[in-house]
Structure formats: structure tokens, C-alpha cells
Amino acid sequence: MKFEILHKDTKSSARAGRITTDHSTFETPIFMPVGTQGTVKSVHQHDLKNDINAPIILGNTYHLYLRPGTEVLSEVGGLHKFMNWDRSILTDSGGYQVFSLSENRKLTREGASFRSHIDGSKHLFTPENVVDVQRTIGADLIMAFDECTPWPCDMKYADESLNLTHHWLDRGWEHFKNSGPAYGHEQAFIPIVQGSVYKELRKKSAEKIASLGAEGNAIGGLSVGEPVEDMYGMIEIVNEILPDDRPRYLMGVGTPVNILESIERGVDMFDCVMPTRNGRNGMLFTSKGIINIRNRKWMNDFSPVDEMNHSVVDMQYSKAYLRHLVIAGELLGAQIATMHNLAFYLWLVREAFNQIRKGEFTPWKINMVKELSTRL
RNA sequence: GGGGAGAUACCAAAGUGGCCAACUGGGGCAGACUGUAAAUCUGCUGUCGCACGACUUCGGAGGUUCGAAUCCUUCUCUCCCCA
């Protein structure tokens with residue numbers, strides 16, 4: 001992975017950059033749609049590429065390991081070929097599932113033993129085999145195996161969890177360096193800062209992560225329920241330490257406002273299920289604010305979904321029609337809402353890139369935050 | 001023409017003397033969702049104050065009873081079977 005900074009904002013920590021992997025080149029800040037099981041739910045790869053124009057998407061180690069499994073992925077030559085996606089892929093390591101499926105797993109120094117949510121079968125993830133699975137998936141960007149700490153979480157737990165995450169990191173990093181790409185294209189390893197909402201732990205973790213000299217660095221364990229001020233505070237502390245010349249990836253974030261605030265604090269990469277999941281549930285993100293398309297007030301509103309026209313669906317369909325589809329439970333409703341939301345998110349980060357280059361990021365951001373917080 | 005069954009809130013459907021403003025499902029309305037066990041989940045859904053409470057409801061009318069959606073009489077309507 002190559003990363004170059006094209007422009008640094010003078011009034012904030014925001015930067016406009018460019019990342020290149022063997023599968024795609026794209027400007028940062030970037031938003032990466034989540035495609036857990038080898039699909040961004042309800043969107044064709046064709047639309048993801050041609051309409052939404054996503055240069056990179058996520059996959060998930062846990063889900064793909066359980067189904068279809070590494071044998072299939074290895075035989076076909078990786079996820080890119082399997083799902084017919086020729087741009088970049090980043091895989092999450094399963095660290096988030098350690099958090100979200102916490103009733104079904106047990107953490108040890110060795111790794112995380114867990115039960116499949118599909119059939120209850122027992123499995124063990126270790127920092128090493130999680131790298132192997134991601135190599136087999138063929139991800140361009142491989143995430144370290146970590147524990148995404150829950151919130152609230154006392155300092156003692158956070159400290160012990162951080163030690164475990166760092167121990168796993170050393171092993172995963174070592175294993176990564178001692179193994180090679182599965183299909184010829186380059187694969188980069190990204191370590192993850194943890195430490196919950198504790199400044200000292202975050203600093204310690206950021207220093208540890210910075211010391212590795214990885215090609216990119218991530219911040220995890222945020223937006224798990226803590227107040228947003230805590231999240232922003234942790235980002236500031238961590239980004240002072242993480243190297244400036246490597247992309248910074250804030251995992252799992254977030255709302256359009258979260259993203260702009262984090263860009264201002266020096267974050268370059270984002271992913272979140274919000275535009276896809278919330279879209280399927282009838283929430284639309286627009287430059288004028290948030291719409292719950294299921295609300296009665298849209299019943300007779302035959303204006304376009306979004307006049308800003310971020311996606312082809314925006315002008316083709318009306319709010320009233322989309323409301324009808326979503327309320328009727330029609331699949332096309334989920335599809336249109338998802339396409340709109342993803343296109344909007346991609347537009348938002350692209351616009352942030354443009355504003356940073358123009359040197360007008362902060363005033364633009366202040367205005368956008370106000371608009372984006374509105375409930376329409 | 002003869003015989004039988006039934007009418008409950010927006011719809012469907014429980015309830016057959018007090019624990020019923022009335023189970024449940026649907027529909028409707030609103031909310032939640034942040035490295036996806038999510039095309040999911042939660043709440044509200046007679047009226048008024050919307051917490052405690054008050055008031056009007058179970059086809060219409062009348063009656064029995066301390067008390068009726070529940071029992072009786074009658075009227076209206078619906079459905080099924082046989083001619």
C-alpha cells in the first residue's frame with residue numbers, strides 16, 4: 001500500500017491524501033462500505049462500482065471463515081474473484097465479533113475460542129490463523145486481531161484487555177512478516193489502537209502501534225456507546241502519536257457528523273454499517289439532514305429522493321415511492337435506500353477532500369455539521 | 001321454503017357473569033440502529049388529562065343481576081347446509 005499526502009489543512013489536522021493498493025487508487029478521506037459476507041447488502045457489485053463508485057469495501061474474516069470457508073476461497077483464488085470485485089478489499093479480523101458475539105466466546109492468551117452463530121460449532125481464532133484466513137481471503141488490507149473493548153469498561157479491564165491486544169498484535173505482526181501474499185498481489189497489515197476511553201491507555205497503545213512502522217494504522221474500540229466527546233478526545237490523543245505519513249483508519253465510524261469531526265482530527269479512512277443497515281431500515285442521509293422515509297409526511301411527497309443527485313436512484317425515484325417500497329417491505333426499497341446512502345457517504349468524503357485541498361475545510365465542516373444534524 | 005352458525009376495536013380473531021378498555025396477529029404511527037448473528041429490534045395504537053386517573057365501548061333496542069362483551073327477549077344483518 002502506498003500513501004501520499006496531497007494537502008494538509010492549516011487550520012486543523014485534516015489531510016487530503018491518496019492510497020494505492022494493487023487493486024485500486026483512491027483519494028482520502030475515504031469511506032469504505034461494509035460487505036461482511038462478500039456482499040454489500042442489497043447492492044450489486046456493478047452498482048457499487050459504477051454508480052456509488054466505491055474504490056474499496058470491507059469483508060469480514062469471521063463470517064467468511066465460517067461461510068463459505070477458506071477452502072472455497074482458496075480454490076477460487078480469493079474473495080476478489082469469488083465476488084467479482086476488482087477494487088480493493090479490507091477485511092476486519094473478527095475482533096469486532098469478539099465484542100458483538102461476546103456471549104459465545106471465551107478469551108485466552110492463546111486467542112478467542114468461540115461458537116459459530118450459524119451452527120454452534122466450536123472454533124479458535126488466534127492472531128496467527130486470523131492473518132492466514134485474511135491472506136486466503138486475499139484482502140489488500142489485513143487487520144490485526146484485537147479485542148474491541150465494550151463500553152462502559154473499567155480501567156482494570158481495559159488495561160488487561162489492552163495487554164492482551166498488544167500480545168496478540170506482536171504475534172500477528174510477526175506471523176504476517178513471516179508469511180507471503182496468497183495470490184501475488186500485495187497485502188498490508190494494519191494494527192489497531194485500543195484502550196477504551198482512558199487517555200493513558202490510548203497513549204500507550206498508540207505508541208506501541210506507532211513503533212511497529214506498519215503501512216497503515218487503525219483506531220478501534222470507539223463508537224461502542226461512549227459519549228461522542230470521549231470518542232473525539234481519544235482520536236485527538238491517538239492521532240498526535242500515530243505517524244503522520246501513514247493513513248489512519250477509524251474503525252466502525254460512523255454518522256456523517258462523526259466522520260467530518262474525525263477528518264478534522266486527522267483520520268483518513270472510515271467504515272460503518274450505518275448507511276447500509278440504517279438505509280434498509282428506512283433512514284436516509286442527505287446533505288439537508290436525516291430522513292426517516294417511513295414517516296407519514298413523505299406519503300405524498302413526489303419530489304426526488306435527493307435533489308443533490310448523488311446516485312442514479314436519487315432523481316429516478318420519488319420519496320413517496322421509496323416510502324411505499326420500504327413500508328411494503330419490498331427489496332427494491334432497501335436497494336434504493338442503500339444506494340443513496342452509500343453514494344451520499346462517498347460524496348461527503350469526496351467533498352471533504354475537495355474542501356481540504358481548497359483550504360476551506362473547517363468553515364465548510366461547521367456548516368455541514370449543522371445541516372447533517374437536522375431531522376427532516 | 002326447512003335447518004344450522006354467527007355479529008367484539010382499522011382488519012382478522014380470542015374472551016361466554018366480576019381478574020376486560022378487552023389475549024393475539026396484521027395494519028397504522030413513532031423510535032432505535034456506529035470494525036453487520038439486523039430486509040432487524042422496541043414502543044404506542046377507544047377518548048380526555050396522556051403519571052395516578054376519569055369517561056364512553058363488544059350489531060340495535062329492551063330486560064335479568066350488586067355487577068353483562070358474556071344470561072334472557074326481540075329486531076336487523078351475515079354466512080353455511082338441504083330443498
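Order of the sequence lines fixes the chain letters, A, B, ..., with proteins taken first and strands second; residue numbering starts at 1 for each chain.
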* Asked: Closer than 4.0 Å, any side-chain N/O of A:Asn60 to the OP1 or OP2 of B:U36?
  -> yes
* To do: Would you mind classifying the nucleic acid contact of A:Ile118 as base, sugar-phosphate or nothing, using non-hydrogen atoms under 4.0 angstrom?
  => nothing
* Pair A:His80 and A:Tyr183, ring centroids less than 6.0 Å apart -> no
* Give the nucleotide from the list B:A37, B:A39, B:G35 with an atom nearest to the side chain of A:Asp92. => B:G35
* Asked: Picking from B:U34, B:A32, B:G35, which would you name as closest to the side chain of A:Asn258?
  -> B:U34
* Base, sugar-phosphate, or nothing: which does A:Arg296 touch, judged by heavy atoms less than 4.0 Å apart? -> sugar-phosphate
* Asked: Which part of the nucleic acid does A:Asn104 contact within heavy-atom distance under 4.0 Å: base, sugar-phosphate only, or nothing?
  -> base
* Donor-acceptor pair present, A:Asp146 side chain and B:G35 base, under 3.5 Å -> yes
* Asked: Given A:Leu64, which of A:Leu73, A:Thr136, A:Thr70 fulfils the side chain to side chain contact (heavy atoms under 4.5 Å, CB included) condition?
  -> A:Leu73
* To do: Looking at every strand, decide which applies to A:Thr276 at a 4.0 Å heavy-atom threshold: base, sugar-phosphate, or nothing.
  => base
* Side chain of A:Arg323: nearest nucleotide among B:U34, B:A38, B:C29? -> B:C29
* Atom C1', compared across B:C20 and B:U8: separation rounded to whole Å -> 12 Å
* Structure fact -> Rounded to whole Å, CE of A:Met32 lies from P of B:U34 at a distance of 17 Å
* To do: May I ask you to say what A:Glu330 touches in the nucleic acid, namely base, sugar-phosphate or nothing, with a heavy-atom cut-off under 4.0 Å?
  => nothing
* Any side-chain N or O of A:Ser100 under 4.0 Å from OP1/OP2 of B:G35? -> no
* Looking at the side chain of A:Asp271, which of B:G35, B:C33, B:G28 is the nearest nucleotide? -> B:G35
* To do: Have a look at A:Arg375 and say if it touches a base, only the backbone sugar-phosphate, or nothing, with a 4.0 Å heavy-atom cut-off.
  => sugar-phosphate
* **Contact under 4.0 Å: A:Ser223 side-chain N or O vs B:U34 OP1/OP2** => no
* Structure fact -> Testing B:U34, B:U36, B:A30 for proximity to the side chain of A:Arg294, the answer is B:A30
* Please state how far atom CE in A:Met283 lies from atom C1' in B:U40, giving the value in whole angstrom units. => 14 Å
* **A:Tyr65/A:Phe125 aromatic ring centres below 6.0 Å** => yes
* CD of A:Gln97 versus C1' of B:A38: gap in Å, rounded? -> 13 Å
* To do: Indicate, with a heavy-atom threshold strictly under 4.0 Å, whether A:Gly225 touches base, sugar-phosphate, or nothing.
  => nothing
* Contact class for A:Leu58 vs. all strands (heavy atom < 4.0 Å): base, sugar-phosphate, or nothing? -> sugar-phosphate
* Might you confirm whether atom NZ of A:Lys177 has over 12 heavy atoms from other residues, nucleotides or ligands at distances under 6.0 Å? => yes
* **P gap between B:A5 and B:U74, integer Å** => 16 Å
* Assign A:Gln335 to base, sugar-phosphate, or nothing according to its heavy-atom contacts below 4.0 angstrom with the strands shown. => nothing
* To do: Could you check whether A:Glu226 gets within reach of a base, just the sugar-phosphate, or nothing at all, counting any heavy atom under 4.0 Å?
  => nothing
* Asked: With respect to the side chain of A:Leu331, which nucleotide from B:G35, B:A37, B:A39 is positioned closest?
  -> B:A39
* Compare side-chain N and O positions of A:Arg277 against OP1 and OP2 of B:A39 and report whether any pair is under 4.0 Å apart. => no
* Between atom CG of A:Asp301 and atom CD1 of A:Ile293, what is the distance when rounded to the nearest 0.5 Å? -> 7.5 Å
* Taking atom P in both B:G43 and B:U56, compute the distance separating them and give it to the nearest angstrom. => 31 Å
